[in-house]
Each structure stands twice: as C-alpha cells, then as structure tokens.
Amino acid sequence: MHNIKDIRANFDKFTKKIKSRNVDINLGEVLELDSKNRTLIQEKESFEKEKKDISKKKDKSLFEKSKKISEKIVSISKKQVDVKNKLENILSSIPNIPLEDVPVGLDESQNKEIKKFGVVRSFDFKVKSHYELGDNLKMLDFELATKTSGARFVFVKDKLAMLERAISNFMLDIHIKENGYTEISPPIIANDLSMFGTGQLPKFENDQFELKIDESSGRKFLIPTAEVILTNMVRDQILNIKDLPLRFVALTPCFRKEAGSYGKDTKGMIRQHQFYKVELVSVVENSKCLDELERMTNSATSILDKLNLPYRKIILSTGDMGFSAEKTYDIEVWLPSENKYREISSCSSCGSFQARRMKARYKNNNNENEFVGTLNGSGLAVGRTLISIMENYQNSDGSITIPEPLRPYMNNLEKISNN
RNA sequence: GGAGAGAUGGCUGAGCGGUUGAAAGCACCGGUCUUGAAAACCGGCAAAGGGGCAACUCUUUCCUGGGUUCGAAUCCCAGUCUCUCCGCCA
C-alpha cells in the first residue's frame, strides 16, 4: 500500500511506474477522491470542534444546538467514510513501485539473467523426467492422488518421501545454523487481515483456498506461502530498533489454486495445489532492504551450491514481479529433462509496502515511528528441489544417487533404486 | 459444549459520567555527574488523520460496532478475542 501523500507529491512518477507494471489503475481518480475526502474531513472537524466547545461550557441553553450539530456530523461522516472506502479500495489494489535498477518489461521475456552457477552435467544416456523416474521407482503416484484428491496433487512414497523430508531438514538446518534464521513452526491458516497485509487480498482472492467454517468470525485461508504468516507476525507492532533485523525460517505446506494456469505444467509435480516450501522472511530497518535482499538470495543459493545443482540467478522485469515486490531475484535450477532452467526460489524486497498495509513499525534513532522493510524468499521450494535432484542425479538404470549432504538425513543411504 | 473473568499507550498497570490523551512503574530519548560505563538525579516521550512554509493548531482513538447523554475509557446492547475452571477429544 502506498502513502497517498507520496502519490500526491510525485504524481507523474507514480503514473509512469504503475504503467511499467502493466496494470490498469486510474490514478487521476485517486487524486480526486483524496481531495474530496479531505474537504469532507475539514467540514466534519469544524462541526466537531463546535460541539466539543459547547459541551465544555456546560451551558444548558446551547444543548439543543449541539444536538443539531450531531445530526450534521453524522451525515457528513457517512459521505466521508464512503469516499474514503472507495479511495482505500483503489489504493489497496495498486502494486508496489519497482526500484530503478529493475528492468522494464511486459512479462517474463524481459527478465534479465545475472549469472549462471555450477556445471550442467552431460549425460551419456537419454535422460528421464522426474515423473518417469518416479513412476518407474513406484515412488511418485499422480493417479492415486487424483483419486483421493483431484488434479495437481501427488503421492510421494517410500524412499522419495524420505528424500523429500531430508531435503526439508537439510535446508532448515543450514538456514538456522549458517544463515542466522530463527525456526518457526507457524499456523498454516491465515485470517483475512494477514492475507491483506502481505497483499494476497483483495486482488488475488481467486488464487486462494478459502476455508468454509461455520462461524461468524472472520474469513480464513490456507496459506499460499509461509510468507503470509511469518511477515504478519509483526503486524500492528511498534518494534524496537534493537530487535531488528528479524529473520525467520519455516517449513510449511503451501496451497494454491493455480487459477489461470490451466494446461501449464500439467505433467509431473512442478505445479501442484499443495507443496512444501522452506520460506525465509526478514524484517529490517527500511534503509537496509537492499543489503538484506542480497543476503537472503545468497542464503537461498547456498543450498543449491551445497547440493551441487546448476542454477542461474535472474532479476525479474517490472511486468513479471509480484504485487508487493519492489525488486525480485528468481533462482532457477537446471532441469535436464526440460533442457532449461526452472524457478526454484524467488526472493523479493517489498520495501515498506507490506509494512504500511500491516502497520508494522519501529522506533528509529530519532525516536520516530518508521515502517519496517520486509523481505521474503524461498529457501527453497522443496518439491522442486526434489525434482531437480531426481533429474540431475539420475543414473542410466533409473536409480537416483543421493547428494552427499543429504545422506546423513537418510540413514546414510547412497542411492534410491527399485530394489 | 457448560460456567466465570478480562481487553487501557512499546510493555506492565491505575482510572469506572465533565481540563483524563489518560496516574504509576518499566523501556526509550536528551542532560547532569563520571577517565569511560553503571547507578543516582533532572527533563522529554502514544498513535492516526486534517490545516499551515513554519512555530503551531485542530479532529479522532482506552477491543469492534451500535445506543443513552449537552458530554463516555467510564453507563446500556450486540459481536470478536484472550484467560481460568468443568466436560469432550488429539
């Protein structure tokens, strides 16, 4: 959420930047509603002052007048609240403004590669996809999941299930021990305020699994990412500057409707309604976002380095970035079967965009309240890491060699094979 | 599910119809003292929004939403959440 004062003061810049994000927002209407709102506020406040003065005087002869004023206040308030709600509605649907070094572009085709890492292995046999491998091993079962649950779900079985768990634990351990994150085991259901805070609501309601609960209390959603819960831990708080930075890591299932991606990645477990992800969230002083983004991205890639998986780092263009991001790096891992890099992590700085929605602040050194900076990144998507290990570590007989760092998590098993 | 208790500033916690935006303590900031720090002492310190170049000023806010009243943190109604006890279940 943007500060209306900023929009007022830098109208042209905002218009231009919003356009680069490829969304249709009428900023002129925002300005109009804003000025209308302020006029009504002034009108209302002058009546309120009058009423307050009367009640201070305790002069009985003025009491009737005071009642009349009350009526006026009510009617003006109604108008004002109406205008304000309209304004807030538009305001809450405006995406974050990209930073200067973000490449301008309509979509992912304008993303820029920064660097490739690792060595892509050359195979002397025909590589199989992860779902072929998983099927042969009888350890990935998509049909069974269709029966019990529906499309875009999967059963991971036996040694592959163990590998998935090993990957999760390995990642958590690295982030805790080496990267300075605090482990959190959070709720995976979020209320509407939390969903608003990180930007899933109101605009992306259709991507979310909403729970149908028989109670009059607020709306509840399955989290699409632990970012929602971890970031909202500081909602409505005024933190002490000494407490910053906060760094959290959590392993959670994530739930996404994947509405609008019909026909995309229908085979295999690249795109599922449910998947595990190790998520990193940082809450920092506003001015430290960019340093933290580099640090976070390095935390994510350190996992791939240790697992010896080839990847590349790219910076997303203005049209491909998420709603709340001001700058995003994607980490893409090499998938031999597709002969290309696929996203395995996305690290974003949101600046104070989410903080403003959440009212998450800290007292700076001048004792003033300032909005915190928030960042989130995958460290990494567990399912996709499993896939990339299967494909990159496959052998000609269809077995999968277990990367060394994971073996301690698997009773020192070296290879997953049919027998 | 049944029965109680509660929700006040960054935190703890008073107030229970009229200068109460709110005592006190902690935390925090500034100062005195000190070689430095601590302690002690003095002073400051809620948030959001509006107006003003500014000094400053106005409005709102004591869980939320209604109501009573000239006037509500304080009274009434509804709701939400938290805690304790009992039951039930992991």
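Chain letters run A, B, ... following the sequence lines, proteins first and then strands; every chain starts at 1.
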Handout entry: Integer angstrom distance from the P of B:rU64 to that of B:rA72
Key = 15 Å

Handout entry: Rounded distance (Å) that lies between atom P of B:rU60 and atom NZ of A:K84
Key = 15 Å

Problem - B:rG13 versus B:rA7 - spacing of their C1' atoms, nearest Å - result: 13 Å

Practice task
Under 4.0 Å between any heavy atoms, over every strand shown, what does A:K5 touch: base, sugar-phosphate, or nothing? Just pick one.
Solution key: sugar-phosphate

Practice task
Would you indicate, yes or no, if B:rC58 has its OP1 or OP2 atom less than 4.0 angstrom from a side-chain nitrogen or oxygen of A:R38?
Solution key: no

Practice task
May I ask you to evaluate whether A:K49 reaches the phosphate of B:rC58, defined as a side-chain N or O under 4.0 Å from OP1 or OP2?
Solution key: no

Handout entry: Given B:rG71, B:rA47, B:rG50, the nucleotide with the shortest approach to the side chain of A:R361
Key = B:rA47

Exercise for the section: Looking at every strand, decide which applies to A:K56 at a 4.0 Å heavy-atom threshold: base, sugar-phosphate, or nothing. Expected result: nothing

Exercise for the section: Quick one: label A:K359 by what it contacts on the DNA or RNA (base, sugar-phosphate, nothing), any heavy atom closer than 4.0 Å. Expected result: nothing

Exercise for the section: With P as the reference atom in both, quote the distance from B:rU12 to B:rG17 in angstrom, rounded to an integer. Expected result: 25 Å

Handout entry: Which residue lies more 5' along RNA chain B, comparing A:S55 with A:Q237 via nearest heavy atoms
Key = A:Q237

Exercise for the section: In whole angstrom, give the distance that lies between atom CD1 of A:I69 and atom P of B:rC70. Expected result: 13 Å

Exercise for the section: Specify the separation, in whole Å, of atom NZ of A:K220 and atom P of B:rC81. Expected result: 7 Å

Practice task
Grab the CD1-P distance between A:I76 and B:rU60 for me, whole Å please.
Solution key: 14 Å

Problem - Minimum-distance nucleotide to A:E48 side chain [options: B:rG71, B:rU59, B:rG49] - result: B:rU59

Problem - Contiguous Watson-Crick or G-U pair runs (3 or more, under 3.5 Å) in RNA chain B - result: B:1-7 with B:80-86, B:10-12 with B:24-26, B:28-32 with B:40-44, B:46-51 with B:56-61, B:63-67 with B:75-79

Completion exercise
Which of B:rC28, B:rG10, B:rG51 is nearest the side chain of A:N240? It is B:rC28

Practice task
Could you measure between the two C1' atoms, the one in B:rG10 and the one in B:rG44, and give it in whole Å?
Solution key: 16 Å

Completion exercise
Atom CD1 of A:I238 and atom C1' of B:rC28 are separated, to the nearest Å, by 12 Å

Problem - Under-4.0 Å side-chain N/O to phosphate OP1/OP2 contact, A:K363 with B:rC45 - result: no

Practice task
Could you tell me the separation between the CZ atom of A:F371 and the P atom of B:rG10, rounded to a whole number of Å?
Solution key: 13 Å

Problem - Interatomic distance, A:D53 CG vs B:rU19 C1' [rounded to whole Å] - result: 13 Å

Handout entry: Side-chain donor or acceptor of A:H273 paired with backbone N/O of A:F255 under 3.5 Å
Key = no

Exercise for the section: Look only at the side chain of A:S388 and the backbone of A:T385, and say whether a donor-acceptor pair between them is shorter than 3.5 Å. Expected result: yes

Please list, one pair per line, the donor and acceptor atoms closer than 3.5 Å that link side chains of residues 370-377 of chain A to other protein atoms, with sequence neighbours excluded.
{"from": "A:E370", "atom 1": "OE1", "to": "A:N364", "atom 2": "ND2", "distance (Å)": "2.8"}
{"from": "A:E370", "atom 1": "OE2", "to": "A:Y362", "atom 2": "OH", "distance (Å)": "3.4"}
{"from": "A:T374", "atom 1": "OG1", "to": "A:Q354", "atom 2": "OE1", "distance (Å)": "2.7"}
{"from": "A:N376", "atom 1": "ND2", "to": "A:E227", "atom 2": "OE2", "distance (Å)": "3.3"}

Exercise for the section: Could you tell me the separation between the CG atom of A:D192 and the C1' atom of B:rU80, rounded to a whole number of Å? Expected result: 12 Å

Problem - Salt-bridge criterion met for A:D53 and A:K49 (N-O under 4.0 Å) - result: yes

Handout entry: Atom P, compared across B:rG18 and B:rC76: separation rounded to whole Å
Key = 16 Å

Fill in the blank from the handout: Rounded to the nearest 0.5 Å, the NZ atom of A:K157 sits from the CE atom of A:M139 at a distance of 10.5 Å

Exercise for the section: Go through the steps for A:E100 and A:K17 under the test salt bridge (Lys or Arg N to Asp or Glu O under 4.0 Å), then give the verdict. Expected result: CA-CA 10 Å; A:E100 283 306 321; A:K17 291 278 186 181; 3.0 Å; yes

Exercise for the section: Considering only atom C1', compute the distance from B:rC26 to B:rU84 and round it to an integer number of Å. Expected result: 27 Å

Practice task
State yes or no: are the ring centers of A:F209 and A:F221 separated by less than 6.0 Å?
Solution key: no

Problem - Pi-cation contact, A:Y131 with A:K267 (under 6.0 Å, within 45°) - result: no

Distance-only donor-acceptor pairs under 3.5 Å for side chains of residues 402-416 of chain A, two or more places apart:
{"from": "A:R407", "atom 1": "NE", "to": "A:I402", "atom 2": "O", "distance (Å)": "2.8"}
{"from": "A:R407", "atom 1": "NH2", "to": "A:I402", "atom 2": "O", "distance (Å)": "3.0"}
{"from": "A:Y409", "atom 1": "OH", "to": "A:D173", "atom 2": "OD2", "distance (Å)": "2.7"}

Exercise for the section: Report yes or no: is the cationic atom of A:R357 (NZ for Lys, CZ for Arg) closer than 6.0 Å to the six-membered ring centre of A:F196, at no more than 45° off its axis? Expected result: yes

Practice task
Indicate, yes or no, whether a donor-acceptor pair under 3.5 Å links the base of B:rG51 to the side chain of A:E45.
Solution key: no

Exercise for the section: Write down the distance separating the C1' atoms in B:rC11 and B:rA47, rounded off to the nearest Å. Expected result: 16 Å

Practice task
Using a 4.0 Å heavy-atom cut-off across all strands, classify A:K242 as base, sugar-phosphate, or nothing.
Solution key: sugar-phosphate

Handout entry: Sugar-phosphate, base or nothing in reach of A:R356, heavy atoms under 4.0 Å
Key = nothing

Problem - Distance between C1' atoms of B:rA46 and B:rA73 (Å, rounded) - result: 15 Å

Practice task
Name the nucleic acid region contacted by A:K44, choosing base, sugar-phosphate or nothing; use a 4.0 angstrom heavy-atom cut-off, strictly under.
Solution key: nothing

Problem - Upstream residue (5' side of RNA chain B) when A:E50 and A:S66 are each assigned their closest nucleotide - result: A:E50

